[in-house]
2 protein chains.
Amino acid sequence: MTDDGGLSPAELEAFFALEEVGSLLAHAVEQQLRSVGLTTVQFKILMSLFAAADGQLRMTDLADSLVVSRSGLTYQAGLLEKAGLIARAPSPDDDRSTTVSLTAGGRERIFAVLPGHMEVVRRLLLDPLSPEELGTLSGLLTRVRDHMRTDPPRSAAPRSRKK
Amino acid sequence: MTDDGGLSPAELEAFFALEEVGSLLAHAVEQQLRSVGLTTVQFKILMSLFAAADGQLRMTDLADSLVVSRSGLTYQAGLLEKAGLIARAPSPDDDRSTTVSLTAGGRERIFAVLPGHMEVVRRLLLDPLSPEELGTLSGLLTRVRDHMRTDPPRSAAPRSRKK
DNA sequence: TATTGTTATACTCTATAACTATA
DNA sequence: TATAGTTATAGAGTATAACAATA
C-alpha cells in the first residue's frame with residue numbers, strides 16, 4: 001500500500017538527509033552570493049570559466065555544462081558582460097562560435113566572493129565533522145559524483161540532442 | 001593572492017563534490033517530478049504536509065520551513081488546491097490562520113511519484129555505494145543536517161523576523 | 001499594535017521559436 | 001542541411017507592499 005519503491009529505511013534516511021543538506025546549503029550560499037551581487041547561476045558561469053583549461057569556453061559548451069538553454073545563457077552572459085565580468089569574442093577557428101572568457105574584473109569578483117563563500121561552507125558543512133570524517137564524506141561523494149557523470153544522464157539530458 | 005578562505009584541499013574537494021552531487025541529483029529529480037505534473041516546490045509542499053505530525057500545517061509555518069515568502073506560498077497553494085491535492089481551511093484556534101492539509105488525491109499523488117522518485121535516487125546516489133558505505137554516508141549527512149538545523153540560520157533567515 | 005493570509009504589481013528568469021550567419 | 005548565437009516573446013514563479021481580518 002505505502003509503496004516506497006523498495007527502499008530500506010537506511011536508504012530513505014540517506015536520501016532525505018542529502019536532500020535537506022543540499023537544500024539548506026544551496027540556500028545559504030545563495031544568500032551569501034547576493035551580498036556581492038551575484039546569483040547562483042552567474043557564480044556558476046564565472047566558476048566554469050575560472051576552471052576551464054584555457055580560461056575560456058564556447059557559449060554552447062557552457063550552456064550544456066550548466067544545463068540551461070542557449071538563449072538563457074545569452075541573457076545571463078549579457079548581464080555579466082554589462083557588469084564587466086566576462087567578455088565575448090568571435091572564435092578564431094569557427095566564425096559561428098563565440099568564445100567567452102573571464103575579465104580581470106571577473107577574476108577579482110571571484111576572489112571577492114570566495115572567502116565568504118567558504119566561510120558559509122565551513123560553518124554549515126565542515127564544522128560538525130572531524131578531519132577523518134571529512135575525508136570519508138569526501139571520498140564517498142566523489143565516488144557518487146563520478147558515477148553520476150559516467151551514468152547516462154537520462155534524466156538530465158543535454159540540450160539540442162533532438163535527434 | 002589566491003585566497004581560498006583557508007580551506008584545505010580535502011575540504012574543497014568535499015565541498016565541490018557535494019555541490020555537484022546535489023546539483024545533479026536535484027536536476028534529475030526535477031525531471032522525474034515533471035512527469036507527474038509537479039514542480040520541486042510543489043513536491044516539497046506535499047511532502048512537508050505528509051511528514052507533519054497531524055498531517056496539517058499553518059500557511060506561515062509552511063512558508064518558513066520551505067523558506068519562501070508567504071505570498072509565494074499562497075500562489076503555489078492556490079495551484080495545488082485547484083489541482084485538488086491540498087485543502088485550506090480556517091484554523092479552529094486562531095481565526096487569522098489557515099490550516100493546510102493533504103487531500104486523498106494529494107496522498108495518491110505522492111504515492112504515484114515516490115517509486116519513480118526513489119528509482120532516480122537509487123540509480124544516481126545509491127548504486128555506487130555498498131550497504132556499509134551507505135550507512136556511513138547517511139550517518140555523516142544526518143549529523144550535518146542536525147547541525148544545520150540547530151545552527152542559527154543567519155544566512156537563511158526566516159521571513160518576517162524584521163526585528 | 002502585531003500577526004495571518006491574500007492580492008496587486010512589478011520584476012527576474014527561462015525556454016520556444018524565428019532569424020542571421022557560417023560550416 | 002546543420003550548427004552557433006541572438007532576439008522576440010510569452011509564461012512561470014517570486015517577492016514587496018498594501019490591505020483586511022483577527023489577536
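Chain naming here is simple, since letters A, B, ... match the order of the sequence lines and numbering starts at 1 in each. Keep in mind it's a predicted model, so treat the numbers as computed, not measured.
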Please report the interatomic distance [atom1]([X]) to [atom2]([Y]), rounded to the nearest 0.5 Å.
| X | Y | atom1 | atom2 | value |
| --- | --- | --- | --- | --- |
| Leu114(A) | Gln32(A) | CG | CD | 9.0 Å |
| Met59(A) | Asp64(A) | CE | CG | 11.5 Å |
| Leu25(A) | Arg145(B) | CG | CZ | 14.5 Å |
| Ile86(A) | Ser101(A) | CD1 | OG | 8.0 Å |
| Leu134(A) | Leu125(A) | CG | CG | 7.5 Å |
| Leu140(A) | Arg143(A) | CG | CZ | 6.5 Å |

**Message:** For DNA chain D, which residues of residues 74-81 of chain A approach it to below 4.0 angstrom with any heavy atom?
**Reply:**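 Only Thr74(A) qualify.
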**Message:** Using a strict heavy-atom distance below 4.0 Å, which residues from residues 38-47 of chain B are in contact with DNA chain D?
**Reply:**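 Thr39(B), Val41(B), in order of number.
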Could you go through nucleotides 9-11 of chain C and list every protein N or O atom that sits under 3.5 Å from one of its N or O atoms, giving the distance for each pair?
none

Rounded interatomic separation in angstrom, taking [atom1] from [X] and [atom2] from [N]:
| X | N | atom1 | atom2 | answer |
| --- | --- | --- | --- | --- |
| Leu57(A) | dG5(D) | CG | C1' | 15 Å |
| Arg70(A) | dC13(C) | CZ | C1' | 18 Å |
| Leu33(B) | dA12(D) | CG | C1' | 17 Å |
| His27(A) | dT14(D) | NE2 | C1' | 12 Å |
| Asp64(B) | dA15(D) | CG | P | 12 Å |
| Arg34(B) | dA12(D) | CZ | C1' | 11 Å |
| Arg88(B) | dT4(C) | CZ | P | 16 Å |
| Met59(A) | dT22(C) | CE | C1' | 17 Å |

**Request:** Taking only the side-chain nitrogens and oxygens of Arg58(A), find out if one of them lies under 4.0 Å from OP1 or OP2 of dA4(D).
**Result:** yes
**Prompt:** Across the strands shown, which category fits Ser71(A) at heavy-atom distances under 4.0 angstrom: base, sugar-phosphate, nothing?
**Reply:**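 The answer is base, as Ser71(A) lies within the cut-off (heavy atoms under 4.0 Å) of a base atom.
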So does [Y] get a backbone contact from the side chain of [X], meaning a donor-acceptor N/O pair under 3.5 Å?
| X | Y | result |
| --- | --- | --- |
| Thr40(B) | Glu30(B) | no |
| Arg109(B) | Gly84(B) | no |
| Ser35(A) | Gln31(A) | no |

Which atoms form the tightest heavy-atom contact between [X] and [Y], and what is the distance?
| X | Y | answer |
| --- | --- | --- |
| Leu85(B) | Gly105(B) | CD2-O, 3.7 Å |
| Ala63(B) | Ser69(B) | CB-O, 4.2 Å |
| Ser65(B) | Leu62(B) | OG-O, 3.0 Å |

Atom pairs and distances, donor-acceptor, side-chain atoms in residues 72-81 of chain B, under 3.5 Å, two or more places apart:
from: Thr74(B); atom 1: OG1; to: Arg70(B); atom 2: O; distance (Å): 3.0
from: Gln76(B); atom 1: OE1; to: Gln42(B); atom 2: NE2; distance (Å): 3.0
from: Glu81(B); atom 1: OE1; to: Arg88(B); atom 2: NE; distance (Å): 3.3
from: Glu81(B); atom 1: OE1; to: Arg88(B); atom 2: NH2; distance (Å): 2.8
from: Glu81(B); atom 1: OE2; to: Arg88(B); atom 2: N; distance (Å): 3.1

Under 3.5 Å, side-chain donor or acceptor atoms of residues 46-53 of chain A against the rest of the protein: list the pairs with distances, not counting sequence neighbours.
from: Ser48(A); atom 1: OG; to: Lys44(A); atom 2: O; distance (Å): 2.8

**Asked** Considering only heavy atoms, which members of residues 90-97 of chain B lie under 4.0 Å from some atom of DNA chain C?
**Response**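 Arg96(B), Ser97(B) - these, ordered by number, are the residues of the stretch whose heavy atoms sit under 4.0 Å from the strand.
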